[in-house]
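Let me begin by presenting the structure, written as structure tokens, before commenting on it.
Each ligand, and each atom within it, is numbered from 1 in the order the structure gives. Note that these values count all heavy atoms, side chains included, but never hydrogens, waters or copies made by symmetry. Values in this document were obtained by computation on a predicted structure and should not be read as measured data.
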Amino acid sequence: MKFFVDTADIDAIKELNDTGMVDGVTTNPSLILKSGRDILEVTKEICDIVDGPVSAEVTATEADEMIAEGRKLAKIASNIAVKVPLTWAGLKACKVLSDEGQMVNVTLCFSANQAILAAKAGATFISPFIGRLDDINLDGMELIADIRTIYDNYGFDTEILAASIRTVNHVTDSARIGADVITAPPGVLKKLADHPLTDKGLESFLADWAKTGQKIL
Ligand code: E4P
């Protein structure tokens, strides 16, 4: 299972990347706004840090302009995945860009039928948004499971990138279902290491170690 970090915060990316946990990065216009940085500059900086795919999102709504934006974003680095929305214009842009050999991440996916369209358009990644479905009382995990079943039924090689992850349980459930990738904010990824029994166990080991009076270094 691959971990992408869902942020344009350079310090957070560097910190997680140093642990070997970052297989890629996803950004979107809201995350670029949050970073306060220029999209081309910050995306280049991210691509210099991370070897895996770095998603950069187009902002046009018409296919021709999306394609032009995608080609410009793709020039930033060889590991760019151009992110396009799941609209007919986005699917057309996906088809053109993926035919050119460009990685494409089709984003804002909220149904299994949308995921089928993205796979047929040649998407490298499909991004179903779990948290935003949960927000409106639907089951985001059910969508991940449906897409897994359908892609396996037909041998689609588009990778399922479980997105809009809000909790550590979303990560576990995505892994159980067999999502290829999860993208999560740095805070959620960091929480994956937490367990009260780990803290308690470490505390008692360190207390006993202090009583031995020994030092390793
Ligand atoms: C994915 O690529 C998106 O950037 C992201 O996961 C959206 O998450 P949100 O619904 O928490 O904004």
Over all atoms of both residues, closest heavy-atom pair of Asp6 and Pro186: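 Taking every non-hydrogen atom into account, O-CD, 4.2 Å.
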When you compare ligand 1 with [X], is there at least one nitrogen or oxygen pair between them that comes in under 3.5 angstrom?
{"X": "Ser164", "result": "yes"}
{"X": "Asn28", "result": "yes"}
{"X": "Asn105", "result": "no"}
{"X": "Thr107", "result": "no"}

Electrostatic pair Lys95-Asp99, nearest N-O below 4.0 angstrom: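 Salt bridge present between Lys95 and Asp99.
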Pairing of Asp9 and Arg37 as salt bridge, 4.0 angstrom limit: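 Salt bridge between Asp9 and Arg37, a charged N being under 4.0 Å from a carboxylate O: no.
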Whether Glu57 lies under 4.0 Å from ligand 1, heavy atom: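 Distance cut 4.0 Å: Glu57 fails for ligand 1.
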Nearest-contact summary for [atom] - protein heavy atom, Å:
{"atom": "atom 12 (O) of ligand 1", "value": "Arg132 NH2, 2.8 Å"}
{"atom": "atom 2 (O) of ligand 1", "value": "Lys83 NZ, 2.7 Å"}
{"atom": "atom 7 (C) of ligand 1", "value": "Phe129 CE2, 3.6 Å"}
{"atom": "atom 11 (O) of ligand 1", "value": "Arg166 NE, 3.1 Å"}

Proximal atoms of ligand 1 relative to Thr26 (non-hydrogen, under 4.0 Å):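 Those qualifying, in numeric order: 2 (O).
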Atoms of ligand 1, numbered as shown, that sit under 4.0 Å from any heavy atom of Asp6: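 Counting atoms of ligand 1 from 1, those under 4.0 Å from Asp6 are 1 (C), 2 (O), 3 (C), 4 (O), 5 (C), 6 (O), 7 (C), 8 (O).
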Derivation of the salt bridge (charged side-chain N to carboxylate O under 4.0 Å, His left out) call for Asp208 and Lys211: CA-CA 5 Å; Asp208 287 344; Lys211 288 178 205 155; 3.4 Å; yes
Verdict with supporting geometry, Arg176 and Asp173, salt bridge (charged side-chain N to carboxylate O under 4.0 Å, His left out): CA-CA 5 Å; Arg176 216 176 258 137; Asp173 292 341; 3.0 Å; yes
CG-CG distance between Asp51 and Asp23, expressed to the nearest 0.5 angstrom: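 Atom-to-atom, Asp51:CG and Asp23:CG are 10.0 Å apart.
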NZ-CZ distance between Lys2 and Phe125, expressed to the nearest 0.5 angstrom: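 Spacing of NZ (Lys2) from CZ (Phe125) equals 5.5 Å.
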Modelled atom types, side-chain donor and acceptor of Ser55 and Thr26, under 3.5 Å: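 No, because no side-chain N or O of Ser55 sits under 3.5 Å from a partner of the opposite role on Thr26.
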